[in-house]
Amino acid sequence: MPSPSFAHLTDRALIRAGGPEAQHFLQNLVTADIDGLEPGGATAAALLTPQGKILFDFLVYKVDGGYLLDAPAVAAPDLLKRLTFYRLRAKVELEMCEDGIGVVAVWGGPMAAASGPLTSVTDPRLEAMGQRLTGAVADLAAILGGVDAGLAAYHAHRIRLGVPEGLQDYDYSDIFPHDADLDQLGGVSFAKGCYVGQEVVSRVHHRGTARKRFVQVEGAAALPAKGTDITAGGKSVGVLGSSAPGGDTFAGLALVRLDKVALAKENGTLLDCGGVEIQIRLPDWAGFSWPETGTAD
């Protein structure tokens with residue numbers, strides 16, 4: 001069996017939500033079905049603007065005494081402020097986890113064991129992403145041993161699997177959950193009751209009007225910076241997210257207009273990103289497909 005790789009995700013932070021009304025509070029606020037979480041379970045989720053755009057994205061873990069929200073470290077204080085704003089008189093306790101408590105990702109081998117104050121879950125977005133462990137970083141390091149592969153290795157793994165993340169691939173308040181494939185990665189419930197921005201998300205889902213999606217790109221040369229336009233025949237069809245080297249090729253994620261890319265592929269039109277010729281494909285796990293061509297505008 002191959003040895004797993006692991007990385008301390010120093011770009012992530014944890015917010016603890018507890019109290020007798022924590023479940024009800026989160027259920028009425030975020031995109032995921034919190035009521036459906038079993039102890040030790042996890043889900044991807046987002047907090048939206050009233051217009052249905054992603055304000056924050058994060059993972060939610062159900063733990064003893066409440067929930068942990070695993071969010072980008074640079075955005076976590078603002079997320080905590082926003083949650084506090086929505087709390088009003090609800091019996092919910094919200095706080096940042098203390099220093100020394102962090103998140104470790106494990107992938108590419110047998111799952112690590114965790115017990116006591118540590119939590120261990122399979123990444124709820126995609127099983128191939130591996131495992132997330134939370135707790136005292138010193139304790140996690142003792143369990144895992146070996147050498148930390150580093151953030152770059154984790155993000156290369158994530159990119160190769162086609163899983164976008166907020167701030168790494170897109171800016172907050174810019175795109176909808178369907179654009180970020182959050183509906184495909186278990187982060188949106190269409191069966192629960194109302195939450196902030198729910199009406200817009202539900203309309204896009206039931207009308208099937210999601211024209212933009214994050215997909216995978218590949219090039220023979222290093223890909224340019226996040227935000228670089230992807231063009232077909234000189235016309236923009238999307239924008240690049242994060243990218244990483246790997247073997248003989250370079251991989252990335254990009255938010256594209258599916259219909260425009262499908263038309264370019266059908267016509268054999270070169271797809272370019274900052275002077276690098278690229279190939280674009282759908283993630284293996286995608287539940288969506290290329291649309292019929294001839295309707296791109």
Side-chain angles (χ1 to χ4, degrees), residues 2 4-12 44 46 54 57-59 70-75 103-109 122-132 148-172 174-175 177-187 212-231 237-258 261 271-288 290:
S5 298
F6 75 90
H8 175 202
L9 303 185
T10 54
D11 60 349
R12 307 291 291 188
I54 298 174
D57 70 324
F58 42 87
L59 304 180
D70 172 349
V74 296
V103 183
V104 170
V106 183
W107 69 94
T122 299
D123 192 305
R125 297 167 293 182
L126 198 67
E127 185 175 359
M129 281 287 292
Q131 190 177 7
R132 308 279 280 210
D148 190 323
L151 274 179
Y154 164 75
H155 285 298
H157 170 64
R158 175 183 64 78
I159 291 165
R160 289 282 173 181
L161 289 174
V163 178
E165 286 187 350
L167 302 185
Q168 295 291 335
D169 296 289
Y170 58 89
D171 294 331
Y172 287 150
D174 275 1
I175 69 172
H178 286 79
D179 299 341
D181 299 335
L182 195 61
D183 62 313
Q184 303 284 302
L185 295 167
K212 292 192 295 183
R213 289 281 192 179
F214 263 97
V215 296
Q216 294 176 279
V217 304
E218 189 175 83
L223 297 171
K226 170 191 168 185
T228 301
D229 274 347
I230 294 172
T231 60
V237 298
V239 64
L240 184 68
S242 59
S243 61
D248 297 328
T249 62
F250 294 79
L253 298 173
L255 179 62
V256 303
R257 272 282 298 267
L258 294 177
V261 173
L271 291 161
D272 175 274
C273 185
V276 178
E277 182 178 350
I278 60 171
Q279 304 296 319
I280 296 182
R281 65 182 179 86
L282 304 182
D284 293 339
W285 44 261
F288 54 91
W290 295 113

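In this chain, residues are counted from 1 in sequence order. Not measured: the values here are computed from a predicted model.
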Can a side-chain donor-acceptor contact be found between Asp57 and Tyr170 if the only test is distance below 3.5 angstrom?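 Yes - a donor-acceptor pair under 3.5 Å links their side chains.
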Do you know which of Leu151, Val104, Asp70 makes side-chain contact (heavy atoms from CB on, under 4.5 Å) with Arg12?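 The single option meeting the side-chain contact (heavy atoms from CB on, under 4.5 Å) with Arg12 is Asp70.
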Which residue in the set Leu282, Val237, Val217 passes side-chain contact (heavy atoms from CB on, under 4.5 Å) when paired with Val261?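 Filter result, single survivor: Val237.
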Indicate the atoms forming the closest heavy-atom contact of [X] with [Y], along with that distance.
{"X": "Ala225", "Y": "Leu240", "result": "O-CD2, 3.9 Å"}
{"X": "Ala46", "Y": "Leu182", "result": "CB-CD2, 3.6 Å"}
{"X": "Ala7", "Y": "Gly150", "result": "CB-O, 3.4 Å"}
{"X": "Gly274", "Y": "Pro224", "result": "CA-CG, 4.1 Å"}
{"X": "Ala73", "Y": "Thr10", "result": "CB-O, 4.3 Å"}
{"X": "Ile230", "Y": "Ala254", "result": "CD1-CB, 3.3 Å"}

Just wondering, do [Y] and [X] contact through their side chains at under 4.5 Å, heavy atoms?
{"X": "Tyr154", "Y": "Met129", "answer": "yes"}
{"X": "Thr228", "Y": "Leu223", "answer": "no"}
{"X": "Gln184", "Y": "Pro283", "answer": "no"}
{"X": "Leu253", "Y": "Gln168", "answer": "no"}
{"X": "Phe6", "Y": "Asp148", "answer": "yes"}
{"X": "Lys226", "Y": "Asp171", "answer": "yes"}
{"X": "Val276", "Y": "Phe250", "answer": "no"}
{"X": "Leu185", "Y": "Pro164", "answer": "yes"}

[X] side, atom [atom1]; [Y] side, atom [atom2] - distance, nearest 0.5 Å:
{"X": "Tyr172", "Y": "Ile54", "atom1": "OH", "atom2": "CD1", "result": "8.0 Å"}
{"X": "Trp107", "Y": "Arg132", "atom1": "CH2", "atom2": "CZ", "result": "10.0 Å"}
{"X": "Asp169", "Y": "Phe214", "atom1": "CG", "atom2": "CZ", "result": "5.0 Å"}
{"X": "Glu218", "Y": "Leu271", "atom1": "CD", "atom2": "CG", "result": "13.0 Å"}
{"X": "Thr249", "Y": "Ile278", "atom1": "OG1", "atom2": "CD1", "result": "12.5 Å"}
{"X": "Asp179", "Y": "Asp174", "atom1": "CG", "atom2": "CG", "result": "10.0 Å"}

Is there a donor-acceptor pair under 3.5 Å between the side chain of [X] and the backbone N or O of [Y]?
{"X": "Asp123", "Y": "Gly130", "answer": "no"}
{"X": "Trp285", "Y": "Leu161", "answer": "yes"}
{"X": "Gln216", "Y": "Arg160", "answer": "yes"}

I would like to know whether His157 and Ser5 meet side-chain contact (heavy atoms from CB on, under 4.5 Å); could you show each step before the answer? CA-CA 10 Å; His157 170 64; Ser5 298; over 6 Å; no
Taking atom NZ as the centre, does Lys212 end up with more than 12 heavy-atom neighbours from other residues, nucleotides or ligands that are less than 6.0 angstrom away?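 Atom NZ in Lys212 is not packed in, count stays at 12 or less.
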One thing to verify: whether Arg213 and Asp183 come together as a salt bridge, which I'm taking to mean a side-chain N less than 4.0 angstrom from a carboxylate O.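 Looking at Asp183 and Arg213, the cut-off is met.
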